[in-house]
J.: 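Have a look at the structure that comes next, please.
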Amino acid sequence: MRRLILPIVFLAVLAPPGGEHWFGSDHLGRDVLARVVYGARHSISIGVAATVFAVTSGVLLGLAAGLSPKWLDEALARSFDVLSTLPELLLALLIVAITGPGTGNVIFAIAVAQVPNYARVIRAQTFVVRRSGYVEQAVTFGRSRLAITVGHVLPNVLGPIPVLATIGLGQAVIAGSGLSFLGMGPQPPAAEWGAMLSEARNYLRVAWWEALFPGLAITLTVVCLTVVGRRLQQRFEGRTS
């Protein structure tokens, strides 16, 4: 994969926003607009990868809990409850502290922190679906447990997932940027929004634009994802307006 190498122009160090640099330049003379646009690849990719991993793991664990014997279901449910009591960012920070910094470890940490959110919802949905008439009819017809799970239970428990995943993606972007701000994600000179904020904090008095625009990128991304998620929730609940 080819990496984008942004030129360092020492004559343009800390240049304010203007015609040549719409978002200004940073302390190394790099164009802030170009870095914000290119940094979206890192920040959003981390969020998407963590969300996909969390959704997949959460669905599997939720199904396992909802279809397991009572003792195993209770053990899994208590594990979900314990993990859910911890703030996601704090839990992700703890995991990264154990596994070490790096993009892959950040994705893993955020995903593990979000798994209980999906698993608890899927577990609850599984309890409802497994007692439905069409599942009982499939059991009466002698269909195998695997066929019932894949053909009847799984498709009918996934309804809330698009809503949760959309909102969860915004939370994952925040968590990824937060961990990168602390130096645990993509390392400089990688153009990642959280890492850009970390670099810019030493220049707030003389170059506010270096921190403003990466911060706005994070904020607008999360707000847009939250609005979309809430709209999907309204449609899912039949409250469209």
Side-chain angles (χ1 to χ4, degrees), residues 44-89 91-92 107-176 220-241:
I44 296 178
S45 294
I46 289 173
V48 170
T51 301
V52 170
F53 186 86
V55 168
T56 303
S57 302
V59 168
L60 294 177
L61 288 173
L63 275 175
L67 298 174
S68 295
K70 186 174 181 180
W71 65 270
L72 181 55
D73 171 51
E74 286 294 328
L76 290 172
R78 297 295 79 78
S79 299
F80 301 153
D81 292 340
V82 169
L83 291 175
S84 296
T85 60
L86 299 174
E88 290 184 9
L89 185 57
L91 180 57
I107 292 172
F108 175 75
I110 297 171
V112 171
Q114 288 194 342
V115 163
N117 298 334
Y118 302 103
R120 295 174 70 184
V121 172
I122 294 299
R123 174 178 175 268
Q125 290 289 109
T126 301
F127 281 136
V128 175
V129 173
R130 68 183 291 187
R131 293 177 174 85
S132 61
Y134 53 84
V135 171
E136 293 179 354
Q137 188 177 35
V139 173
T140 303
F141 288 161
R143 300 199 64 183
S144 67
R145 186 180 181 88
L146 178 60
I148 293 174
T149 301
V150 175
H152 296 281
V153 179
L154 181 59
N156 290 285
V157 300
L158 296 178
I161 290 300
V163 176
L164 294 176
T166 304
I167 297 174
L169 176 57
Q171 297 172 344
V173 170
I174 291 179
L220 291 176
T221 299
V222 174
V223 167
C224 290
L225 289 171
T226 302
V227 169
V228 172
R230 297 303 181 191
R231 186 64 178 175
L232 288 175
Q233 184 178 21
Q234 291 179 353
R235 292 180 63 88
F236 178 73
E237 296 175 352
R239 295 188 288 110
T240 55
S241 58

J.: Working to the nearest 0.5 angstrom, can you tell me the gap between Leu164 CG and Leu169 CG?
T.: 12.5 Å
J.: Carefully, step by step, assess Ile161 and Leu158 under the rule side-chain contact (heavy atoms from CB on, under 4.5 Å).
T.: CA-CA 5 Å; Ile161 290 300; Leu158 296 178; 4.1 Å; yes
J.: Gln125: which residues meet the side chain to side chain contact (heavy atoms under 4.5 Å, CB included) condition with it, sequence neighbours left out?
T.: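 Listed in chain order: Val121, Val157, Pro160.
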J.: Given the rule in the side-chain contact (heavy atoms from CB on, under 4.5 Å) test, do Ile167 and Leu225 qualify, once you have shown the distances and angles that lead to the verdict?
T.: CA-CA 6 Å; Ile167 297 174; Leu225 289 171; over 6 Å; no
J.: Can you list the steps and then say if Asn117 with Glu88 is a side chain to side chain donor-acceptor pair (under 3.5 Å)?
T.: CA-CA 10 Å; Asn117 298 334; Glu88 290 184 9; 2.5 Å; yes
J.: Which value, rounded to the nearest 0.5 Å, describes the distance between Tyr118 atom OH and Thr56 atom OG1?
T.: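 Rounded to the nearest 0.5 Å, the OH-OG1 separation comes out at 10.0 Å.
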J.: side-chain contact (heavy atoms from CB on, under 4.5 Å) for Leu83 and Val115? Distances and angles first, verdict last.
T.: CA-CA 9 Å; Leu83 291 175; Val115 163; over 6 Å; no
J.: Taking only distance into account, with no hydrogens and no angle test, what donor-acceptor pairs under 3.5 Å do side-chain atoms of residues 44-54 form with protein atoms, sequence neighbours excluded?
T.:
| unit_1 | atom_1 | unit_2 | atom_2 | d |
| --- | --- | --- | --- | --- |
| Ser45 | OG | Arg41 | O | 2.4 |
| Thr51 | OG1 | Gly47 | O | 2.7 |

J.: Rounded to the nearest 0.5 Å, what's the gap from CD1 on Ile110 to CG on Leu89? Could you check?
T.: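 Nearest 0.5 Å value for the CD1-CG distance: 8.5 Å.
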J.: What's the spacing between Ile122 CD1 and Ser57 OG if we round to 0.5 Å?
T.: 12.5 Å
J.: With sequence neighbours excluded, give me every side chain to side chain donor-acceptor pair (under 3.5 Å) pair touching residues 63-80.
T.: Asp73-Arg123, Glu74-Arg78, Arg78-Asp81
J.: Looking at every heavy atom in both Ala119 and Leu61, which two are closest together, and how far apart are they?
T.: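 Minimum heavy-atom contact is CB-CB, 4.4 Å.
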J.: If you measure from CZ on Phe80 to OG1 on Thr85, what distance do you get to the nearest 0.5 Å?
T.: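 Between Phe80 CZ and Thr85 OG1, I get 13.5 Å after rounding to 0.5 Å.
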